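The structure appears right after this line, and notes come after that.
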Amino acid sequence: MQPLVMGILNVTPDSFYDGGRHDDPGSAVAWGCRLAEEGADIVDVGGESSRPGAEPVPLGLELSRVLPVVEALAPVVRVSIDTAKPEVARAAVAAGATLVNDVSGRCAEVAAAAGVGLVVMHMRGTPKTMRDRATYRDVVAEVRSFLAEGAARARELGVREVYVDPGIGFAKTAEHDLALLHALPELVADGAPVLVGASRKSFLGRVSAREGEAAPGPGDRLEASLAVATWALAAGAAVVRVHDVAATVQAARLAGSEPLTAVPLAAVP
Ligand code: HH2
């Protein structure tokens with residue numbers, strides 16, 4: 001199956017990369033339309049940052065951030081709702097979202113009741129506490145069994161479209177993130193379609209830092225993000241969640257085409 005590109009749209013003032021860029025509904029909707037034009041198969045709308053240390057956002061505020069945007073984008077492109085709160089997931093689905101990106105493990109019932117898809121993501125604690133919980137005996141085995149259980153539970157509840165996501169950067173060190181990416185073929189072999197969200201995350205700064213220099217910030221992690229998206233797709237991931245849709249679509253056309261002779265070639269003068 002052709003892999004999917006999920007474009008990130010954070011309607012927040014404080015997301016680690018796009019915070020404050022689309023925090024009024026008009027510019028958020030315009031950016032979502034642009035992501036769709038660039039080739040996003042799904043636009044993932046979020047109203048609460050889940051970066052390490054982030055404070056929780058009150059329910060009413062999160063709803064007021066995401067609902068107008070979901071409603072306006074749903075006729076244009078497939079919309080997913082990125083939330084930890086079942087109430088937000090329920091309202092967003094009523095407004096037109098057809099995929100619940102459940103970063104908390106609390107939204108499976110909502111997806112089942114509404115007949116929409118679900119992303120089961122691994123994390124521990126909350127964004128505020130998760131940095132203290134990055135201790136594993138065997139991170140790959142523990143994440144794989146967490147995701148297998150979460151996917152089985154979602155299917156038992158009646159969710160038909162279930163993605164699993166190792167939760168890059170969520171209660172993980174850079175070493176854990178790299179171990180999980182390295183083990184992607186094993187996670188893919190477990191059977192559920194895999195979603196990978198590594199775009200511009202902090203472990204990429206660590207990976208691309210030069211000896212003795214400061215690690216590149218989120219704005220300087222595009223190349224590393226494309227490398228990881230390409231690796232993830234070549235390893236069999238079904239979805240990559242990214243900030244840079246146009247660039248990733250280019251990479252995905254090559255990485256997802258087996259054989260390469262199947263890459264669609266445009267007619268050029
Ligand atoms: N990462 C973030 C948010 N939601 N959802 C899934 N399924 N997988 C992820 O890896 C993932 C996610 C964090 O990235 P971002 O939305 O860019 O930043 P912030 O949480 O600061 O808004």
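Just so you know, ligand 1 is whichever comes first in the structure, and atom 1 is the first atom listed for that ligand. Bear in mind that the values here come from a model prediction, so they are computed numbers and not experimental data.
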Tell me which protein heavy atom sits closest to [atom], plus the residue, atom name and distance to 0.1 Å.
| atom | result |
| --- | --- |
| atom 1 (N) of ligand 1 | Lys201 NZ, 2.9 Å |
| atom 5 (N) of ligand 1 | Asn101 ND2, 3.0 Å |
| atom 22 (O) of ligand 1 | Ser15 OG, 2.5 Å |
| atom 18 (O) of ligand 1 | Phe16 CD2, 3.3 Å |
| atom 6 (C) of ligand 1 | Asp165 OD2, 3.1 Å |
| atom 4 (N) of ligand 1 | Asp82 OD2, 3.0 Å |

Could you tell me whether ligand 1 has any atom less than 4.0 Å away from a heavy atom of Thr12?
no
Tell me, please: is Phe170 in heavy-atom contact with ligand 1, that is, under 4.0 Å?
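A heavy atom of Phe170 does come that close to ligand 1.
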Please say whether [X] places an N or O atom under 3.5 Å from an N or O atom belonging to ligand 1.
| X | answer |
| --- | --- |
| Ser50 | yes |
| Glu48 | no |
| Met121 | no |

Which is closest to atom 21 (O) of ligand 1 in terms of heavy atoms, Ala84, Ser80, Ser49?
Ser49
Selection from Arg241, Arg51, His243 by shortest heavy-atom distance to atom 16 (O) of ligand 1
Arg241
Tyr136 and His122 aromatic ring geometry - parallel, tilted or perpendicular at 30°/60° bounds:
tilted
Would Glu161 and Arg78 pass as an ion pair if we require N to O under 4.0 Å?
yes
Check ion pair Glu142-Arg124 (N to O, under 4.0 angstrom)
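Answer for the salt bridge query: yes.
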Could you check if a side-chain atom of Leu9 sits within less than 4.5 angstrom of a side-chain atom of Asp44, using non-hydrogen atoms only?
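They are not in contact (no side-chain heavy atoms under 4.5 Å apart), so the answer is no.
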I want to check something: taking the side chain as every heavy atom from C-beta on, are Asp165 and Val120 in contact at a cut-off of under 4.5 Å?
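SC-SC contact between Asp165 and Val120 ruled out.
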Under the criterion side-chain contact (heavy atoms from CB on, under 4.5 Å), which of Val79, Ile81, Thr12 is the partner of Val66?
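Exactly one candidate clears the test, Ile81.
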Element-labelled atoms of ligand 1 that are located less than 4.0 Å from some non-hydrogen atom of Val119:
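Taking each heavy atom of Val119 in turn, ligand 1 has 7 (N) under 4.0 Å.
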Which of the ligand 1 atoms, numbered from 1, are nearer than 4.0 Å to a heavy atom of Asn10:
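Near Asn10, meaning under 4.0 Å from one of its heavy atoms, ligand 1 has 15 (P), 16 (O), 17 (O), 18 (O), 22 (O).
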Applying side-chain contact (heavy atoms from CB on, under 4.5 Å), name anything that partners Leu226, two or more places apart in sequence or on another chain.
Leu222, Ala247, Thr248
Nonpolar side-chain network containing Leu99, other nodes, edges under 4.5 Å
Leu4, Met6, Ile42, Val119, Tyr163, Leu195, Val239
Other residues, nucleotides and ligands only: do more than 12 of their heavy atoms fall within 6.0 Å of CZ on Arg206?
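12 or below, so no.
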Output field: ring centroids His176/Phe170 closer than 6.0 Å
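Distance test on ring centres: not under 6.0 Å, no.
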